[in-house]
**Student:** 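Take a look at this one; I'll ask things after.
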Amino acid sequence: MTPGIPGFAPSFPGVTLERLQSWLPTIITVVVAVCAVIVALAVVSRLLRRLAPRAHWYLFGFPLLRLRMGHSWRHLCLNAGLTGTDRPTTGQLGPLLVKGQPIMPVLPLLRRIRPRSFGATAVILLHPGQIPEPFVNAAEAMAHAWGVHAVRVDARLRGRVRLTILTADPLTSQPSEPTTKAAEPSEPPARQAAVTTYLPATTAPVVPAVAVPADLVAETGHREDGQQWVIDLVTFPHWLVTGATQSGKSTLINAAVAQWATRPVALVGIDCKGGMELAPHAPRLSALATDRAEAANILAALVTETQRRMRLCRQHGARNIWQLPPEVRPVPVIVIVDELAELYLVASRAEKDEALRATTHLLRLAQLGAALGIHVVVAGQRVGSDFGPGVTALRAQLAGRICLRVNDEETVKMTLGDLYPDAVEAAQQIDPAVKGIAVTTADDAGWIRARSVYLSPEQLAAVIAATAHLAPVLPDLTPPAA
Ligand SMILES: Nc1ncnc2c1ncn2[C@@H]1O[C@H](COP(=O)(O)OP(=O)(O)OP(=O)(O)O)[C@@H](O)[C@H]1O
Ligand SMILES: [Mg+2]
């Protein structure tokens, strides 16, 4: 037997110094080749990251994330309490019934990990007896374990939870500029007129006289998962928008109005801050209230209009205005209230009756309007119990919620807490330095972060000027003076 190199034997018997010397060139070549490949990959990765971030993500980022997810899944589940068990956790010990921790926990299955432009999506299959709540609570732990910006957990499916994995915050990195890209409505378009752009219409648009449901969908910006952010009055007929001063409420409303203005819908403004906020929209509005008394009158006229529409629907055996024949279908009305507090909060006894009248009519509109094509979008810097009991009743009708940066916890909880408790923390973490970021309801994702596009005053003025002639005249309401 050939003696081995001292120290190598007995692990590598037969490996002699001569043999090792004869392999040396091959070993060096292989090591150099491996190093060269690693360096080349690192250079390509760096270049791609700079020049083609999307290609970089699919070729390098996603495979690495997948490895990381697979590698950390067991530890993550054990540490974050996400495991199940297939054995009973109670047993009999002599005359005693004892309860214990399972020593062989079963991991939930992490499946369907798919790359997306914003990061990845995945599905976790729950074991019988598991509930989604610990997974919702572990979202932060997942983001840390996988080194990503955020993980959103959608717990609305039965027996599984869906993960949306975001590698970066697209809302702070993306410019908040209007785009020229045509925006597809989320539903199959009922008609091409509903497909619009963010950019102002410089010429008067040709709009069919009769509205269709797709006209109520306004594309207002980008969501953090890369999809368009829409305010969809078909899915959520009424909306509550809260945000501290300078957080982006008016910017968001401008983005939505710029879309609705080009369609056959009536816009009504209630701006009890003296009409300062909605003044730029005035030429396209069918009515504008600039104080509480005017607001009460306009809202009363709209309540009468709902009663007229009810009669019309009854006569035609329709359950909503969309079932009416096009020739009798009334125009949808979108009532925009900027600064809810101005309607609710009173300084003197004399104002009380007026406030009660205005807020009662607003509540009635929210209760009755959805099927009758009357929608409310209510914005305010804060919403609180000091507004009185009526505000909770109103909030219950406003299924669409948008919370921009706010200054107090109560407003966040009032806006999101009753529907999406896990969204409250996300809203509290909105960076004040980046304007226009919001946490919003989304029919397909529960809640999501989003950012509206910013239209300059000139761009908004151009849309309003080009569409002013489309403002429908509503019964008992006078359009604002030019
Ligand atoms: N989505 C956005 N993208 C870029 N900038 C934005 C965005 N939203 C708001 N801003 C910036 O913040 C400023 C204030 O926004 P905006 O007027 O919409 O706030 P607001 O919530 O209506 O404030 P207020 O309660 O005082 O009326 C805007 O003039 C704009 O410069
Ligand atoms: Mg404003």
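In listed order, ligands and their atoms are each counted from 1.
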**Student:** Which option out of Gln246, Arg405, Lys435, His222 puts a heavy atom nearest to atom 10 (N) of ligand 1?
**Tutor:**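 Residue with the shortest heavy-atom distance to the ligand atom: Lys435.
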
**Student:** With heavy atoms of Glu277 as the reference, note each atom of ligand 1 found under 4.0 Å away.
**Tutor:**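 Answer, ordered by atom number: 27 (O).
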
**Student:** Are Glu339 and ligand 1 in contact, using a heavy-atom cut-off of under 4.0 Å?
**Tutor:**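 Judged by the 4.0 Å heavy-atom criterion, Glu339 does not count as contacting ligand 1.
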
**Student:** List ligand 1 atoms under 4.0 Å from Ala244, heavy atoms only on the residue side.
**Tutor:**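 Answer, ordered by atom number: 21 (O).
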
**Student:** Roughly how far apart are Arg68 CZ and Leu65 CG, rounded to 0.5 Å?
**Tutor:**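 Output value for this atom pair is 8.0 Å.
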
**Student:** At a 4.0 Å threshold, what atoms of ligand 1 neighbour a non-hydrogen atom of Lys273?
**Tutor:**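 With Lys273 as reference, the close atoms of ligand 1 come out as 27 (O).
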
**Student:** Which atom, among the N/O/S set of Glu277, is closest to the Mg ion (ligand 2)?
**Tutor:**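 This residue's closest N, O or S atom turns out to be OE1.
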
**Student:** State whether Lys273 and Asp271 are salt-bridged, where the test is any N-O pair (Lys NZ or Arg NE/NH1/NH2 against Asp/Glu carboxylate O) under 4.0 Å.
**Tutor:**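 Looking at Lys273 and Asp271, the cut-off is not met.
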
**Student:** State, with a plain yes or no, whether a side-chain heavy atom of Trp260 is found less than 4.5 Å away from one of Val377.
**Tutor:**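 In short, these two side chains touch, coming nearer than 4.5 Å.
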
**Student:** Under 2.8 Å from the Mg ion (ligand 2) - does any N, O or S atom of Ser250 fall there?
**Tutor:**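 Yes, Ser250 qualifies, because one of its backbone or side-chain N, O or S atoms lies under 2.8 Å.
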
**Student:** Met69 versus Leu110: any side-chain heavy-atom pair under 4.5 Å?
**Tutor:**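 SC-SC contact between Met69 and Leu110 confirmed.
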
**Student:** Does ligand 1 have an atom under 4.0 Å from some heavy atom of Gly243?
**Tutor:**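 So Gly243 does not count as touching ligand 1.
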
**Student:** Could you list which atoms of ligand 1 come closer than 4.0 Å to a heavy atom of Gln381?
**Tutor:**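 Every atom of ligand 1 under 4.0 Å from some heavy atom of Gln381: 25 (O).
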
**Student:** Measuring from atom CZ of Phe118 to atom OG1 of Thr167, what distance do you get when rounded to the nearest 0.5 angstrom?
**Tutor:**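 Going from the CZ atom of Phe118 to the OG1 atom of Thr167 covers 9.0 Å.
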
**Student:** Give yes or no for whether the N/O distance cutoff of 3.5 Å, strictly under, is met between Lys249 and ligand 1.
**Tutor:**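 By distance alone, the answer is yes.
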
**Student:** Can you tell me how the ring of His238 sits relative to the ring of His375, calling it parallel under 30°, perpendicular over 60° and tilted otherwise?
**Tutor:**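 If you compare the ring of His238 with that of His375, the planes turn out tilted.
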
**Student:** Is the shortest N/O to N/O distance between Gly248 and ligand 1 below 3.5 Å?
**Tutor:**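 Between Gly248 and ligand 1, an N or O pair is found under 3.5 Å apart.
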
**Student:** With a 3.5 Å distance limit and no angle check, can you tell me whether Arg449 reaches the backbone of Glu224 through a side-chain donor-acceptor pair?
**Tutor:**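 A pair under 3.5 Å: no.
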
**Student:** So for Ala379, does at least one of its heavy atoms come nearer than 4.0 angstrom to any atom of ligand 1?
**Tutor:**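 It does not; every heavy atom stays at 4.0 Å or beyond.
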
**Student:** Could you tell me whether Arg292 and Glu351 make a salt bridge, using a distance below 4.0 angstrom between a side-chain N and a carboxylate O?
**Tutor:**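 Salt bridge present between Arg292 and Glu351.
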
**Student:** Between Asp338 and the Mg ion (ligand 2), is there a contact where an N/O/S atom of the residue lies under 2.8 Å from the metal?
**Tutor:**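 Given the 2.8 Å cut-off, Asp338 does not count as a ligand of the Mg ion (ligand 2).
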
